[in-house]
Amino acid sequence: MALEQNLILLCLICHKIVDSEEDAYPVELLKKWKSAHEARISTAFGACSFDRREEARSAMESFLRSNRVTFETFGPYSETAWNPLSDAVDVWRVRVREVIIPNNRMILKILDSNTHLLSSGEMVTLEKFRVHVDEFERKHVFGAISSSIPKFPEEMNEMLRREGA
């Protein structure tokens, strides 16, 4: 058994309790704790791999919806953006960093974890989205001057909707 499979990190007090009461804390229980913890961490910081297209679509749907509403409400083509007295530009910059960029990264994680569910056309759409995300971040996080950020690929709205599309 590899070392990392036989490793569970506990605080000093819990470690002493577990080691001194082996009957109360059998190996099977410790493995169950470790497995549950790893599943929680994986879900919190990563994206799950799904068996069905509908599950993957459902996982990314709220991120896409949030981005769309944020863009329509505060983005450069929104009604408020055209008002020279509004603070729309400042609000947009904040929303980009707080909402859109993290959502984009999560959408990429979901899709990258589920490429086995994507058709070849959807794989192309994924890569178009990745280019959009990277260039969007270069501008809004790193201040890169770019007038040619590829637009959000509209095909993303249909990603994983149809069976084997």
Side-chain angles (χ1 to χ4, degrees), residues 4-5 7-9 11 32-165:
E4 65 273 1
Q5 292 174 328
L7 175 68
I8 185 167
L9 299 176
C11 71
K32 187 176 177 182
W33 285 358
K34 180 177 178 172
S35 178
H37 175 71
E38 287 173 344
R40 280 193 310 275
I41 295 299
S42 175
T43 302
F45 295 107
C48 294
S49 177
F50 297 101
D51 294 326
R52 296 185 359 232
R53 293 171 58 84
E54 310 83 54
E55 295 170 322
R57 177 63 194 193
S58 179
M60 67 182 228
E61 186 75 40
S62 64
F63 300 108
L64 286 167
R65 184 174 41 256
S66 173
N67 281 3
R68 182 175 49 254
V69 169
T70 300
F71 180 79
E72 290 170 356
T73 306
F74 304 107
Y77 305 109
S78 66
E79 284 185 36
T80 56
W82 295 102
N83 179 352
L85 301 176
S86 85
D87 61 350
V89 171
D90 297 326
V91 173
W92 170 241
R93 287 184 182 134
V94 169
R95 298 289 189 206
V96 161
R97 291 181 179 188
E98 291 180 352
V99 178
I100 292 182
I101 289 173
N103 285 356
N104 282 347
R105 286 292 162 195
M106 197 60 203
I107 292 166
L108 282 174
K109 284 182 182 180
I110 292 167
L111 291 172
D112 284 339
S113 295
N114 290 282
T115 55
H116 62 283
L117 298 174
L118 301 179
S119 68
S120 58
E122 288 172 328
M123 291 296 290
V124 171
T125 299
L126 168 58
E127 294 312 315
K128 286 180 183 178
F129 180 64
R130 189 182 318 280
V131 169
H132 164 74
V133 168
D134 290 344
E135 292 306 310
F136 190 81
E137 276 186 35
R138 284 184 70 239
K139 177 178 181 177
H140 291 283
V141 174
F142 303 109
I145 298 172
S146 175
S147 60
S148 60
I149 296 175
K151 290 189 176 197
F152 172 82
E154 290 298 321
E155 304 95 328
M156 284 292 294
N157 293 320
E158 296 304 314
M159 184 74 96
L160 294 166
R161 281 199 193 273
R162 295 180 301 271
E163 197 56 42

Item to complete: Give the C-alpha distance, both sets of side-chain angles, the deciding distance and a yes or no for salt bridge (charged side-chain N to carboxylate O under 4.0 Å, His left out) between Lys128 and Glu154.
Response: CA-CA 10 Å; Lys128 286 180 183 178; Glu154 290 298 321; over 6 Å; no
Worksheet item: Which of these passes side-chain contact (heavy atoms from CB on, under 4.5 Å) with Phe63: Ile110, Leu108, Val99?
Response: Ile110
Fill in: Donor-acceptor pair, side chain of His116 and main chain of Phe50, under 3.5 angstrom
yes
Discussion item. Which residue is it: Met159, Met123, Met106? I am looking for the one with a side-chain contact (heavy atoms from CB on, under 4.5 Å) to Leu111.
Written reply: Met159
Discussion item. Please determine whether a side-chain nitrogen of the Lys or Arg among Asp87 and Arg95 lies less than 4.0 Å from a carboxylate oxygen of the Asp or Glu.
Written reply: no
Response to the item:
Taken to the nearest 0.5 Å, the spacing of Ile8 CD1 from Trp33 CH2 works out to 6.5 Å
Worksheet, complete the sentence: Nearest heavy-atom approach of Gly75 to Ala81 is O-CB, 3.4 Å
Worksheet item: Is there a salt bridge (charged side-chain N to carboxylate O under 4.0 Å, His left out) between Arg105 and Asp134 once you walk through the steps?
Response: CA-CA 10 Å; Arg105 286 292 162 195; Asp134 290 344; 2.9 Å; yes
Item to complete: Carefully, step by step, assess Glu135 and Lys139 under the rule salt bridge (charged side-chain N to carboxylate O under 4.0 Å, His left out).
Response: CA-CA 6 Å; Glu135 292 306 310; Lys139 177 178 181 177; over 6 Å; no
Discussion item. Is it the case that the side chain of Thr73 and the backbone of Val69 share a donor-acceptor pair, with hydrogens and angles ignored and the cut-off at 3.5 Å?
Written reply: yes
Worksheet item: So, the side chain of Ser86 versus the backbone of Trp82: is there a donor-acceptor pair under 3.5 Å, distance only?
Response: no
Fill in: Derivation and outcome, salt bridge (charged side-chain N to carboxylate O under 4.0 Å, His left out), residues Arg130 and Glu127
CA-CA 5 Å; Arg130 189 182 318 280; Glu127 294 312 315; 3.0 Å; yes
Worksheet item: Do any N or O atoms from the side chain of Ser66 and from the backbone of Ser62 form a donor-acceptor pair under 3.5 angstrom?
Response: no
Discussion item. Whether the side chain of Glu122 engages the backbone of Ser119 through a donor-acceptor N/O pair (distance < 3.5 Å, no angle test) should be reported.
Written reply: yes
Worksheet entry | Validation row: His132, Lys151 side chains within 4.5 angstrom (heavy atoms) | no
Item to complete: Check the pair Leu126 / Met156 against side chain to side chain contact (heavy atoms under 4.5 Å, CB included), numbers first and verdict last.
Response: CA-CA 8 Å; Leu126 168 58; Met156 284 292 294; 5.9 Å; no
Discussion item. Does any part of the side chain of Phe152, heavy atoms only, come nearer than 4.5 Å to the side chain of Phe71, both counted from C-beta?
Written reply: no
Worksheet item: Backbone N or O of Val96 within a donor-acceptor pair of the His140 side chain at under 3.5 Å?
Response: no
Discussion item. Checking the side chain of Asn114 only, and the main-chain atoms of Cys48 only, is there a donor and an acceptor separated by less than 3.5 Å?
Written reply: yes
